[in-house]
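Structure record follows, encoded as C-alpha cells.
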Amino acid sequence: MKQIVLTGDRPTGRLHLGHYVGSIKPRITLQAHHDCFVMIADTQALSDNFDDPKKITESVVGVCRDYLAVGIDPTKSTVFIQSMVPELFELTSYFLNLVSVARLERNPTVKSELQQKRFADSVTAGFLCYPVSQAADITAFKATLVPVGDDQLPLVEVTNEIVRRFNRIYGKAVLVEAEAILSNVGRLVGTNGKAKASKSLGNAIFLSDSNEVVRQKINSMYTDPNHIKASDPGRVEGNVVFAYLDAFLDDKGELDDLKSRYQKGGLGDTVIKSILNSTIQTLLAPIRERMGLVKDSDIKDMLCEGSERARAAAAHTVSEVRDAIGFGYNKQ
Ligand code: TRP
C-alpha cells in the first residue's frame, strides 16, 4: 500500500557516506512506491547554528545537489526547504504544549548532541525543543514512514507521543503515528574509528570528495594497531576498513574471504585499503559525474516548486488541526 514518507537532513555542509548508507539509500528505494517528502532542515540547523546562518544557507543547494546526484528523483520525491513551509512553525507551537520540559531534557539524542556542542551548560529553548519541531515536520505530511539513522529513533518516539496526546485531548484522529525505517547497515563509523561519521568531527568521506581526497582518507583509516606486518594475524572487529567494507562491498563471499585471510595473517593493510578504495571510487564515480550536471539556478527553482507542493500538503493538516482544537473561527 502506498504510504507517505518524510525525512530530512540539516544543511550544515555536504552529505557524506554516513548519510548515504544511513538514510539516503533507503529513500531511493522508497520513492519508487510511496509519496516521498525530503526536507532540507534549515530551521532545525539554525537551532544550533543561530549565530552562523551563512553556514546553513550556503549548504542548501549543495545538499540538494547531492540528493539529485545519488538518485533522489524530483519527479517522484518532493524536495523542499523547511523554512519555506511556515505551517510547520504553527504546528510546533501547538505541539509545545503536549510535551514536558523534563521529557525533552531526557531525550538521548538531544543529550548526546549537547555533549558535543558549545552551549553544553546553557542550552537554548530552541535547541531543547527541536524534537517538537521535528514532530511537526513528520505529522504535517501525515508521514507513516521515516527513514533515518538509529540516532533519530528517540525523535520518532517523541513524535508518536505527541500524536497520541493530540488525538486524545482534541478528540479526533487527525494526526497519524510514524514508524522509523532503519537501514540494515546501521551507523557508519568515522574514518578515525569514532562512533559516528560526521562533518563536525572531521571524520567523514563526502559524496563530493575528489578521487584523491577519498584515497587519502581511506589510507589514513585506522585498522588494527597490532597488525604491524602483513603476516601478523589481524583483528576485523573495530577495524575501520572492515567496517566500511561491511557497508559497501556487495560481494559478501569476497568479504568473508578477506576477513578470514586477514585474521589468519598474510593480508596487508595496504591491500584491504586498496580494495576499499576501488569499491568506494566505483560507487562515487557516477555520483560525482551527475553532481556537475545541474545548474544552481535550476536547483533553486526545483526547491521553490517542491516547497510550494509541501506547503499545500502541510496547510491541509494545519487546517484539520485548527478545527480539532476549535480554532476554525473564519468558517461560517
Ligand atoms: N534531525 C535530522 C538530522 O539531524 C533532520 C530532520 C529534521 C529530520 N526533521 C526531520 C529527519 C524529520 C527525519 C524526519 O539529520
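We use all heavy atoms of the structure for the numbers below, so side chains are in, but hydrogens, waters and symmetry mates are not.
The shortest non-hydrogen separation linking Thr92 to Val132 is O-CG1, 3.8 Å. The two atoms that bring Asp323 and Gly328 nearest to each other are OD1-CA, 3.6 Å, heavy atoms only. Closest of all the heavy-atom pairs between Gly13 and Val63 is O-CG2, 3.3 Å. Of all heavy-atom pairs spanning Tyr94 and Leu98, the tightest one is O-CG, 3.9 Å. For the residue pair Asp209 and Ala204, the shortest heavy atom distance occurs at OD2-O, 4.3 Å. Taking every heavy atom of both residues into account, Leu153 and Ala180 meet most closely at CD2-CB, 3.5 Å.
A distance-only check finds no donor-acceptor pair linking the side chain of Arg10 to the backbone of Ala41 [under 3.5 Å]. A distance-only check finds no donor-acceptor pair linking the side chain of Asn160 to the backbone of Glu177 [under 3.5 Å]. With hydrogens and angles ignored, the 3.5 Å screen pairs a side-chain donor or acceptor of Asn49 with a backbone N or O of Ala45. Asn167 contributes no side-chain N or O that, together with a main-chain N or O of Arg164, makes up a donor-acceptor pair within less than 3.5 Å. Side chain of Thr29 to main chain of Lys25: a donor-acceptor pair is present (N/O by atom type, distance under 3.5 Å, no hydrogens or angles). Checking side-chain atoms of Asp137 against main-chain N and O of Leu88 turns up no donor-acceptor pair under 3.5 Å. The closest donor-acceptor contact from the side chain of Ser183 to the backbone of Val21 lies under 3.5 Å. Checking side-chain atoms of Ser278 against main-chain N and O of Ile275 turns up a donor-acceptor pair under 3.5 Å. A donor-acceptor contact shorter than 3.5 Å is absent between the side chain of His316 and the backbone of Ala313. Side chain of Gln263 to backbone of Arg235: no donor-acceptor contact under 3.5 angstrom is found.
A salt bridge links Arg103 with Glu161: the distance from a Lys NZ or Arg NE/NH1/NH2 to an Asp or Glu carboxylate oxygen falls below 4.0 Å. With salt bridges taken as basic N to acidic carboxylate O contacts below 4.0 Å, none links Lys111 and Glu105. Salt bridge status for Lys300 with Asp296: absent, with no side-chain N to carboxylate O gap under 4.0 Å. Ion pair Glu237/Lys259 not flagged as a salt bridge, since none of the NZ, NE, NH1 or NH2 atoms sits closer than 4.0 Å to an Asp/Glu carboxylate oxygen.
Between the side chains of Lys194 and Asn203, not a single donor N or O lies within less than 3.5 Å of an accepting N or O. Residues Tyr67 and Asp9 have side chains that bring a donor and an acceptor to within less than 3.5 angstrom of each other. In summary, the side chains of Ser307 and Arg311 do not present any donor paired with an acceptor at a separation below 3.5 Å, with no hydrogens or angles considered. A donor atom on one side chain and an acceptor atom on the other are not found under 3.5 Å apart for Asp73 and Gln31. Side-chain atoms of Gln44 and Gln134 include a donor-acceptor pair closer than 3.5 Å. Judged by distance alone, the side chains of Asp224 and Asn239 never bring a donor and an acceptor atom under 3.5 Å apart.
Taking 4.5 Å as the limit, some side-chain heavy atom of Met221 sits within range of a side-chain heavy atom of Leu276. In this structure, Phe37 and Ile4 have side chains that are in contact, with non-hydrogen atoms separated by less than 4.5 Å. With a 4.5 Å cut-off on side-chain heavy atoms, Val158 and Asn107 count as touching. The shortest distance between side-chain heavy atoms of Leu145 and His34 falls below 4.5 Å. You'll find the side chain of Asp151 stays beyond 4.5 Å of the side chain of Glu113, heavy atoms only.
Leu207 and Val79 end up in the same hydrophobic cluster when Ile, Leu, Val, Met, Phe, Trp and Tyr side chains are linked at under 4.5 Å. Criterion: ILVMFWY side-chain heavy atoms under 4.5 Å apart, direct or through other members. Under it, Ile138 and Ile181 are not part of a common hydrophobic cluster. Cluster membership for Leu249 and Ile287, using ILVMFWY side-chain heavy atoms within less than 4.5 angstrom, is shared. When hydrophobic clusters are built by joining Ile, Leu, Val, Met, Phe, Trp and Tyr residues whose side-chain heavy atoms come closer than 4.5 Å, directly or via intermediates, Leu91 is not grouped with Val176. Tracing side-chain contacts under 4.5 Å through hydrophobic residues (I, L, V, M, F, W, Y), one reaches Val101 starting from Ile162; they form part of the same cluster.
Aromatic pair Phe127/Phe50: ring centres not closer than 6.0 Å. Between Phe242 and Tyr244, the ring centre distance reaches or exceeds 6.0 Å. Taking the six-membered ring for Trp, Phe206 and Tyr20 have ring centres at least 6.0 Å apart.
The structure places NE2 of His19 at 12.0 Å from CZ of Arg14, a figure rounded to the nearest 0.5 Å. With rounding to the nearest 0.5 Å, the separation of CD in Gln152 from OG1 in Thr159 is 10.0 Å.
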Hey, mind stepping through Leu255 and Lys252 against side-chain contact (heavy atoms from CB on, under 4.5 Å) and telling me if it holds? CA-CA 5 Å; Leu255 181 58; Lys252 297 302 167 203; 4.1 Å; yes

I would like to know whether Ser77 and Arg27 meet side-chain contact (heavy atoms from CB on, under 4.5 Å); could you show each step before the answer? CA-CA 9 Å; Ser77 292; Arg27 296 175 202 179; over 6 Å; no

For a side-chain contact (heavy atoms from CB on, under 4.5 Å) check, start with the C-alpha distance between Gln82 and Ser133, then their side-chain angles and the critical distance, and finish with the verdict. CA-CA 10 Å; Gln82 188 179 22; Ser133 127; 3.8 Å; yes

Taking it one step at a time, do Leu155 and Val148 satisfy side-chain contact (heavy atoms from CB on, under 4.5 Å)? CA-CA 10 Å; Leu155 298 169; Val148 278; over 6 Å; no

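Sparse packing is recorded around CG of Asp250, with 12 or fewer heavy atoms of other residues, nucleotides or ligands lying under 6.0 Å away. Annotation for Phe248: atom CZ counts as buried by contact number, over 12 foreign heavy atoms lying within 6.0 Å.
Between Tyr262 and His227, the ring planes are tilted. Angles from 30° to 60° get that label.
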